[in-house]
Amino acid sequence: MQKEKLIIIGSGPAGLTAAVYSARADLKPLVFEGETPGGQLMGTTEIENWPGAQEGLMGPQLMNQMREQAKRFGARTEFKKIEKVDFSDAKNLKLWSGDEEYRAEAVIIATGASARWLKLGKGEEKYWGKGYTACATCDGAFYRDKVVAVVGGGDSACEEAHFLTRFASKVYQIYRGPKEKMRASKPMQKRVFEHEKIEMIFNKNVTDLRGEEKLQSVELTDSETNETSELKIDGLFMAIGHNPNTGIFEGQLDLHENRYLEVTDNTKSRVPSVFIAGDCADWRYRQAVTAAGYGCMAALDTEKYLESLKD
């Protein structure tokens, strides 16, 4: 059993920013990097909207720099996954990675969220970040004067499609059901139906991704007839939602109906020694820079909490 002052679960922008701040405050955080060290940005090519990165940064480059910065101030990282927690005693938090038990005075949760994929097999991994993505705000500018497609029928999909018209020459929005079954609000539907750059494709599922080094086309299968067709595109944007990585906290912390962690007073959970940062609690913005901001706030709140224990 290993006892720590602070454990951070997650190594995306939120977790590593929390690590930088808490390490500089001499809290000596131990960071568990999880199944995807570096988080979602590890699958992103060039990042142009990170403040100060005038020439852009590759996703893995940014995350490696953040990790090394945290380590320079004294943070430690473990390429392990926390699989179980017991937060019943706020002054003696328990966590497990496999059979290894850890205890901490405070914990920052920054486990993030994962974009829902189409479950097409290895093709998705092959093209992820190479024409296949889940963030129009992050990657839309790379598709200037290109042809792209958005998958989904909710408000988020419509927002993504509309946003992409700023850059792309043509935007297809693909929905697996009929027009009348779209989940998007009527104002959002009107917005995309009437846009000259957007073409709706109903009753179609994306069933295959094709291309050489980058995505070049997708196979569409008719939901009613099973007939297939090919759609040539330069980019495919998933907008069928995200799954917050919060399963191990069920019964330990409060979760919203959508499974995201419930936060009060910016970063606090119902357990006074457990703080929350980033996409595991944020289903609205989902940006690297906002996640980093939450990581900063969580570290500052954690520092203040640990100081209060000395009084």
Side-chain angles (χ1 to χ4, degrees), residues 12 35-36 38-50 56-63 112-154 156-177 192 195 197-223 226-243 279 286-288:
E35 288 184 329
T36 310
Q40 293 185 68
L41 287 187
M42 293 301 287
T44 301
T45 52
E46 191 172 2
I47 303 169
E48 294 187 322
N49 55 3
W50 185 263
L57 280 171
M58 301 298 285
Q61 177 189 6
L62 174 61
M63 300 320 300
S114 302
R116 293 175 188 162
W117 287 15
L118 292 169
K119 299 181 180 179
L120 299 179
K122 292 183 179 179
E124 291 183 280
E125 295 181 8
K126 177 181 178 180
Y127 297 113
W128 189 253
K130 299 176 182 178
Y132 182 46
T133 180
C135 182
T137 306
C138 309
D139 300 330
F142 297 118
Y143 295 89
R144 194 175 299 276
D145 300 323
K146 302 288 187 180
V147 178
V148 301
V150 175
V151 179
S156 294
C158 292
E159 288 172 2
E160 298 266 285
H162 194 270
F163 177 83
L164 287 167
T165 60
R166 302 182 188 183
F167 310 102
S169 60
K170 175 82 172 183
V171 180
Y172 294 100
Q173 185 171 343
I174 305 166
Y175 177 53
R176 63 184 177 180
V192 294
H195 200 289
K197 281 190 177 182
I198 299 175
E199 180 178 334
M200 300 298 304
I201 299 177
F202 295 107
N203 295 308
K204 295 287 194 299
N205 287 294
V206 176
T207 48
D208 193 22
L209 308 179
R210 298 170 179 172
E212 296 180 5
E213 293 299 317
K214 295 183 178 181
L215 182 69
Q216 294 174 311
S217 68
V218 294
E219 178 188 75
L220 300 179
T221 299
D222 192 282
S223 302
N226 285 327
E227 291 183 4
T228 61
S229 58
E230 185 175 31
L231 181 67
K232 292 185 178 182
I233 55 174
D234 300 295
L236 182 68
F237 290 79
M238 299 307 302
I240 56 176
H242 286 70
N243 293 320
D279 287 12
R286 297 198 305 270
Q287 299 297 302

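In this structure, the side chains of Leu236 and Val151 come closer than 4.5 Å at one or more pairs of heavy atoms. Using a 4.5 Å heavy-atom cutoff, the side chains of Val218 and Asp208 are not in contact. Using a 4.5 Å cut-off on side-chain heavy atoms (C-beta onward), Val171 and Phe237 make no contact.
What you find for Leu164 and Gly140 is that their closest heavy atoms are CD2-CA, 3.7 Å. Nearest heavy atoms, Glu125 versus Trp117: CG-CZ3, 3.7 Å.
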>> Under the criterion side chain to side chain donor-acceptor pair (under 3.5 Å), I'd like the reasoning laid out for Asn205 against Ser223: C-alpha separation, chi angles, the key distance, then a yes or no.
In response: CA-CA 7 Å; Asn205 287 294; Ser223 302; 3.3 Å; yes
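Between the side chain of Glu199 and the backbone N or O of Lys170, no donor-acceptor pair lies under 3.5 Å. Using modelled atom types, one side-chain atom of Glu124 and one backbone atom of Lys119 make a donor-acceptor pair closer than 3.5 Å. Remark: the backbone N or O of Lys146 is paired with a side-chain donor or acceptor of Ser169 at under 3.5 angstrom. Under the 3.5 Å distance criterion, the side-chain polar atoms of Lys204 are left unmatched by any main-chain donor or acceptor of Tyr175.
In summary, the aromatic rings of Phe167 and Phe142 are positioned with their centroids too far apart to meet the 6.0 Å limit.
Taking CD from Gln173 and CE from Met200, the interatomic distance works out to 4.0 Å, rounded to the nearest 0.5 Å.
Annotation: cation-pi geometry not satisfied between Lys130 and Tyr132 (NZ/CZ under 6.0 angstrom from ring centroid, within 45° of ring axis).
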